[in-house]
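Here the structure is laid out as structure tokens; the discussion comes afterwards.
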2 protein chains.
Amino acid sequence: MIMSLDREDVPKYLQLASIVREQIKSGELGPRRAAPSELYLSQRYGIARDTVRKAMGLLREQGYVYVVRGLGTFVSPQEDWRE
Amino acid sequence: MIMSLDREDVPKYLQLASIVREQIKSGELGPRRAAPSELYLSQRYGIARDTVRKAMGLLREQGYVYVVRGLGTFVSPQEDWRE
DNA sequence: CGAAATTTGTTCGTATGTATC
DNA sequence: TGATACATACGAACAAATTTC
């Protein structure tokens with residue numbers, strides 16, 4: 001599914017968070033599998049790493065992903081999702 | 001030639017890229033010879049490895065150096081230089 | 001054969017400054 | 001004033017490839 005950040009009235013980090021959240025909910029990104037890296041996402045969507053981190057920070061707060069420092073970001077099992 | 005990164009208005013990675021590029025163009029660093037390692041450059045100029053990698057990544061894009069993972073970075077032959 | 005050292009590759013953590021709205 | 005967004009820079013951890021011993 002080709003996605004882009006084209007809503008003028010919604011912050012990019014919220015749009016990106018929605019995209020990745022839906023990929024997780026749909027199973028496109030499976031539990032315990034690596035989520036896209038910050039560098040990949042910044043290049044894929046043409047946005048700053050800083051903005052990607054804001055989006056992923058949100059998903060982490062919501063329990064959709066967890067981070068292993070030096071390794072990457074991973075998809076949480078469904079029982080951890082909080083919203 | 002003793003060089004340092006002292007321009008306030010130019011990003012360090014661009015300054016370092018310029019320095020190494022000139023060393024290559026002048027022949028100070030000859031073709032097929034090893035370029036300074038990331039660790040050496042970061043210590044030599046007192047900057048982060050991350051910043052060195054950004055500079056060397058630029059020179060690689062411009063065809064001045066090529067990299068062999070696990071071995072090092074090497075100076076490209078002049079016919080590969082692109083700018 | 002394997003362990004250690006060296007070097008580059010990848011990834012996240014943090015901070016600062018700038019610009020815009 | 002605060003939120004958003006981008007660029008730069010340093011730090012840290014871990015991975016992979018290569019050479020040396």
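Every chain is numbered from 1 and lettered A, B, ... according to where its sequence line falls, protein lines coming before strand lines.
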OP1 or OP2 of [N] less than 4.0 angstrom from a side-chain nitrogen or oxygen of [X], does that happen here?
X       : N      : value
B/Thr51 : D/dC10 : yes
A/Arg69 : C/dT14 : no
B/Thr73 : C/dT7  : no
B/Lys12 : D/dC10 : yes
B/Arg53 : C/dG9  : yes
B/Tyr13 : D/dA9  : no

To the side chain of [X], which of [options] is closest?
X       : options               : answer
B/Asp50 : D/dC10, C/dT8, C/dC12 : D/dC10
A/Arg49 : C/dT8, D/dC6, C/dT14  : C/dT14
B/Ala48 : C/dT8, D/dA5, D/dG11  : D/dG11

>> Does the structure show a Watson-Crick or G-U wobble partner for D/dT18, both distances under 3.5 Å? Name it, or say none.
In response: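 C/dA5 - that is the nucleotide pairing with D/dT18, both distances being under 3.5 Å.
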> Rounded to the nearest Å, what distance is computed from the OH atom of residue B/Tyr66 to the P atom of nucleotide D/dT18?
Replying inline: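 My rounded result for the distance is 14 Å.
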>> Between B/Ser18 and B/Arg21, does the side chain to side chain contact (heavy atoms under 4.5 Å, CB included) criterion hold? Intermediate values first, please.
In response: CA-CA 5 Å; B/Ser18 293; B/Arg21 191 188 300 108; 3.7 Å; yes
>> Using heavy-atom distances to pick each residue's nearest nucleotide on DNA chain C, tell me which of B/Gly70 and A/Tyr40 is more 5'.
In response: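 With A/Tyr40 and B/Gly70 compared, the 5'-side residue is B/Gly70.
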>> Taking side-chain contact (heavy atoms from CB on, under 4.5 Å) as the criterion, tell me which of A/Leu14, A/Thr51, A/Ile19 meets it with A/Leu5.
In response: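 In the set A/Leu14, A/Thr51, A/Ile19, the residue that makes a side-chain contact (heavy atoms from CB on, under 4.5 Å) with A/Leu5 is A/Ile19.
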>> For the backbone of A/Lys25 and the side chain of A/Trp81, can you confirm whether one donor and one acceptor N or O come within less than 3.5 Å of each other?
In response: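 Here the side-chain-to-backbone pair does not exist.
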>> Within this structure, what is the NZ-OH distance for the pair B/Lys54 and B/Tyr13, rounded to the nearest 0.5 Å?
In response: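 Between B/Lys54 NZ and B/Tyr13 OH, I get 5.0 Å after rounding to 0.5 Å.
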